There are 2 protein chains.
Amino acid sequence: MATKSRPDRRVQRTKDSLHFALMSLIVEKSYDKITVQDLIDRANIGRSTFYAHYETKDDLLLSELDRLTADIERHLADEPSSTAILPSLGVFRHAAENHREIKALLGSKGSDLVQRTALATFTRRAEAVIDEREGDGKNGNLPADARAAFVAGALLALLTWWLDNDRPYPPETMANVYAQSLAPT
Amino acid sequence: MATKSRPDRRVQRTKDSLHFALMSLIVEKSYDKITVQDLIDRANIGRSTFYAHYETKDDLLLSELDRLTADIERHLADEPSSTAILPSLGVFRHAAENHREIKALLGSKGSDLVQRTALATFTRRAEAVIDEREGDGKNGNLPADARAAFVAGALLALLTWWLDNDRPYPPETMANVYAQSLAPT
DNA sequence: TTCGGAATCGAACTTCATGTACGGAATCTA
DNA sequence: TAGATTCCGTACATGAAGTTCGATTCCGAA
């Protein structure tokens, strides 16, 4: 009972093709100009096959985002958060390594959804760190939720700007800008 | 020659109706769910009349944004920028006064276009201030453009968060969060 | 008040993308 | 190999975008 049946190869192939098609298309034109027709043409699958797996275009994008979010969260957790609330060096380095992909998703040609998702991820992490440090009472006068929105928004804006401008400075410089622009905690 | 003829009343009425319709609709549902049909129904104008004045829905939104941008820029310029690069108290106060309108445009139901436009406005202003202060050499080690992206993005994120969460703190507190979260210049 | 030009109306039409339906063919797993 | 699942492809319904055009109404200037 409850036999763990392996996933059908055909399903895997279909999903892989669609992920690849989306990523290759989003480099070429902005996300909201991409149609389902574009996707199934590029992926070479039938129309009804697409709708058998995803409800909408955004649905496909969200499944892509799961990977991205997991990556980011890992980089946020790996690094010990030093002075800055959010440790940014790992994020910038990771973004540099996968800059084509991440710029396409996060940048001006990407989707609102990606920005919101990333902001939520950053904010969640920032709140956790702030709550953790609550004991030292160093910032008891400032509301924690607003501070979290601030540091998360600042990091996302900095990252987006950096990618959109084709990374004019190395990740180390960017992490410095981030850390040194923040008031010491 | 070049007689300055006054604008036709009908044109004014049409545009006013459309602006009103857009603002009243965007409070009810998210911007990208609004159709041209919704707009002309609410405004009580003919379909072809709409296209006689605006090319697209975004075109109409942009003309709305001109007002918003002008307002913001005035508030950024009025207040002397103290320690923080961008003076934020005036912005938060102005946003509080027109919160229904601005939340609808800037918040999660608004459009990407508004966020981008606002970010551009903030960034432009921040760059001007940073360039102005360049002489004192206090931050010569950090690239000015990246710093501008940081402070602009942080302010916009804070403002958006504040409006989306129905302004849980007074404008003065928000301005404090902004100013005190930044490293002293 | 009148007149000519401009704006509006409204309805029909084209185009395009979304989403659904279904029968037959291909392919997978067991 | 056999039964089940998935895929294909075509056709169809829906709905929004954007265009066209003749008739009508309204405006501003004289």
Side-chain angles (χ1 to χ4, degrees), chain A residues 1-26 28-65 109-114, chain B residues 1-26 28-65 109-114:
Chain A
M1 59 247 0
T3 313
K4 181 190 284 181
S5 55
R6 276 187 303 178
D8 198 313
R9 277 182 197 163
R10 290 169 295 183
V11 176
Q12 285 306 318
R13 269 171 30 90
T14 297
K15 291 193 173 181
D16 284 352
S17 299
L18 279 172
H19 285 311
F20 182 79
L22 174 59
M23 292 315 300
S24 101
L25 277 167
I26 211 174
E28 297 171 16
K29 53 175 164 182
S30 62
Y31 173 74
D32 53 323
K33 298 288 183 191
I34 298 175
T35 75
V36 173
Q37 194 65 48
D38 292 334
L39 287 166
I40 68 182
D41 284 350
R42 182 68 60 98
N44 260 308
I45 64 166
R47 183 167 198 74
S48 44
T49 304
F50 176 90
Y51 286 104
H53 295 288
Y54 302 99
E55 291 196 357
T56 68
K57 198 180 53 165
D58 284 356
D59 200 7
L60 172 62
L61 178 64
L62 280 178
S63 71
E64 198 79 43
L65 281 189
K109 295 194 324 189
S111 152
D112 215 9
L113 254 179
V114 186
Chain B
M1 47 218 53
T3 314
K4 180 190 286 182
S5 56
R6 276 187 304 178
D8 197 314
R9 278 182 196 165
R10 291 169 295 182
V11 176
Q12 284 308 317
R13 267 172 30 90
T14 297
K15 292 193 172 179
D16 284 352
S17 299
L18 280 172
H19 285 311
F20 183 79
L22 174 60
M23 292 316 299
S24 99
L25 277 167
I26 211 175
E28 297 171 16
K29 53 176 163 182
S30 63
Y31 173 74
D32 54 323
K33 298 287 183 192
I34 298 175
T35 75
V36 173
Q37 194 66 48
D38 291 335
L39 287 165
I40 66 183
D41 284 350
R42 184 67 60 97
N44 260 308
I45 64 166
R47 184 166 198 75
S48 46
T49 304
F50 176 90
Y51 287 105
H53 293 289
Y54 302 99
E55 292 196 356
T56 69
K57 198 178 54 164
D58 284 356
D59 200 8
L60 172 62
L61 178 64
L62 280 179
S63 70
E64 199 79 41
L65 280 189
K109 295 194 323 189
S111 153
D112 214 10
L113 254 179
V114 185

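Note that these values count all heavy atoms, side chains included, but never hydrogens, waters or copies made by symmetry. As the structure is a computational prediction, the values presented were derived from the model and not from experiment. To find a chain, count down the sequence lines: A is the first, B the second, and so on, and within it residues start at 1.
Per the geometry, CG belonging to Leu39(A) stands 12 Å off C1' belonging to dA17(C), to the nearest Å. In this structure, Gln37(A) places its CD atom 12 Å from P of dG9(D), rounding to the nearest Å. In this structure, Lys15(A) places its NZ atom 15 Å from C1' of dC7(D), rounding to the nearest Å. Between the CG atom of Asp32(B) and the P atom of dA17(D) there is a distance of 12 Å, rounded to whole Å. Put simply, OH on Tyr54(A) is 14 Å from P on dT6(D), counting in whole angstrom units. Between the CD atom of Glu55(A) and the C1' atom of dT20(C) there is a distance of 13 Å, rounded to whole Å. In this entry the distance linking NZ of Lys33(A) with P of dA17(C) reads 11 Å, nearest Å. Put simply, CG on Asp58(B) is 13 Å from C1' on dA17(D), counting in whole angstrom units.
In this structure, Lys29(A) and Ile34(A) have side chains that are in contact, with non-hydrogen atoms separated by less than 4.5 Å. Inter-residue side-chain proximity for Ser17(B) and Thr14(B) is flagged as unmet; no heavy-atom pair is nearer than 4.5 Å. No side-chain heavy atom of Tyr31(A) sits less than 4.5 Å from a side-chain heavy atom of Asp112(A). Under the 4.5 Å side-chain criterion, counting only non-hydrogen atoms from C-beta, Val36(B) is in contact with Arg47(B). Inter-residue side-chain proximity for Leu60(B) and His19(B) is flagged as met; some heavy-atom pair is nearer than 4.5 Å. Side-chain contact between Thr49(B) and Ile40(B) is absent, with no heavy atoms from C-beta onward closer than 4.5 Å.
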Produce the list of close N/O pairs, under 3.5 Å, pairing protein atoms with atoms of nucleotides 24-28 of chain C; give distances to one decimal.
unit_1  : atom_1 : unit_2   : atom_2 : d
dT27(C) : O2     : Arg10(A) : NH1    : 2.8

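A sub-4.0 Å separation between OP1 or OP2 of dC16(C) and a side-chain N or O of Thr35(A) is absent.
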Could you walk me through whether Phe20(B) and Arg42(B) pass the side-chain contact (heavy atoms from CB on, under 4.5 Å) test, one step at a time? CA-CA 9 Å; Phe20(B) 183 79; Arg42(B) 184 67 60 97; 5.7 Å; no
Evaluate the side-chain hydrogen bond (donor to acceptor under 3.5 Å, both in side chains) criterion for residues Tyr51(B) and Asp59(B): first the C-alpha distance (whole Å), next the side-chain angles of each, then the deciding distance (0.1 Å), finally the verdict. CA-CA 10 Å; Tyr51(B) 287 105; Asp59(B) 200 8; over 6 Å; no
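Separation of atoms CG (Leu25(B)) and OG (Ser30(B)) is listed at 11.0 Å; rounding is to 0.5 Å. With values rounded to the nearest 0.5 angstrom, Ile26(A) atom CD1 is found 12.0 Å from Asp38(A) atom CG. Rounding to the nearest 0.5 Å places NZ of Lys109(A) at 8.0 Å from CD of Glu28(A).
Remark on the helix from dT1(C)-dA30(D) to dA30(C)-dT1(D): inter-end axis angle 40°, axes from five-pair C1' superpositions, rounded to 10°.
Remark: Arg47(B), Ser48(B), Tyr51(B) in residues 40-53 of chain B come within less than 4.0 Å of DNA chain D through at least one heavy atom.
The side chain of Thr56(A) sits closest to dG19(C) out of dA16(D), dG19(C), dG18(D).
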